[in-house]
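No hydrogens, no waters, no symmetry mates; every other heavy atom, side chains included, goes into these values.
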Amino acid sequence: MATSRLQALWNHPAGPKTIHFWAPTFKWGISIANIADFAKPTDKISYPQQIAVTCTGVIWSRYSMVITPKNWNLFSVNVAMAGTGMYQLARKIKNDFASEVEPVVAKE
């Protein structure tokens, strides 16, 4: 049974013998790097970069469900990209606009 599943994966139109498998597989590196950046201070987060990551994730997630055959690897990596990008944007926006600034008390 395992052999037939591996053979089905190997011979799939979006399987390891095609670029349709390897491109999304290597794209996981972007999502992993974004997850690693969760520990970064928010002043180091870039709006343009995270907007690009989020939009890419949303657009390509939709595309991966429209094409034939459905490429679940492409779908999952782009959902992860959209999710991590939205999380980073939320962190940045919260820090930039929602954090209360403490008044500076003058020393006498």
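In terms of heavy-atom proximity, P16 sits nearest to W22 at O-NE1, 2.6 Å. Smallest separation of non-hydrogen atoms from Q50 and T84: OE1-O, 4.3 Å. Nearest approach of M65 to W72, heavy atoms of both residues: CE-CZ3, 3.6 Å. The two residues M81 and T56 have their closest heavy-atom pair at CE-CG2, 4.0 Å. For P24 against V77, the heavy-atom pair with the smallest separation is O-CG2, 3.8 Å. In plain terms, the two heavy atoms of G57 and S61 that are nearest each other are O-OG, 2.6 Å.
One distance of note links OG1 of T54 with OH of Y47; it measures 12.0 Å at 0.5 Å rounding. Rounded to the nearest 0.5 angstrom, D43 CG and N95 CG are separated by 7.5 Å. Between the CD1 atom in I93 and the CZ atom in F97 there is a gap of 7.0 Å [rounded to 0.5 Å]. Annotation: the span from Q88 atom CD to I35 atom CD1 amounts to 9.5 Å, rounded to 0.5 Å.
Under 3.5 Å, the side chains of N78 and K27 contain a donor-acceptor pair of N or O atoms.
For the pair N11 (side chain) and Q7 (backbone), a donor-acceptor distance under 3.5 Å is present. D37 places no side-chain N or O within donor-acceptor distance of the main-chain N or O of K40, the cut-off being under 3.5 Å. No side-chain donor-acceptor contact under 3.5 Å links W10 to the backbone of K17.
When the side chains of ILVMFWY residues are joined at heavy-atom separations under 4.5 Å, either directly or via intervening members, F21 and W28 end up in two distinct hydrophobic clusters.
Stacking of K70 on the aromatic ring of F75 is not recorded, the 6.0 Å distance cut-off and the 45° axial limit not both being met.
Sparse packing is recorded around OH of Y63, with 12 or fewer heavy atoms of other residues, nucleotides or ligands lying under 6.0 Å away.
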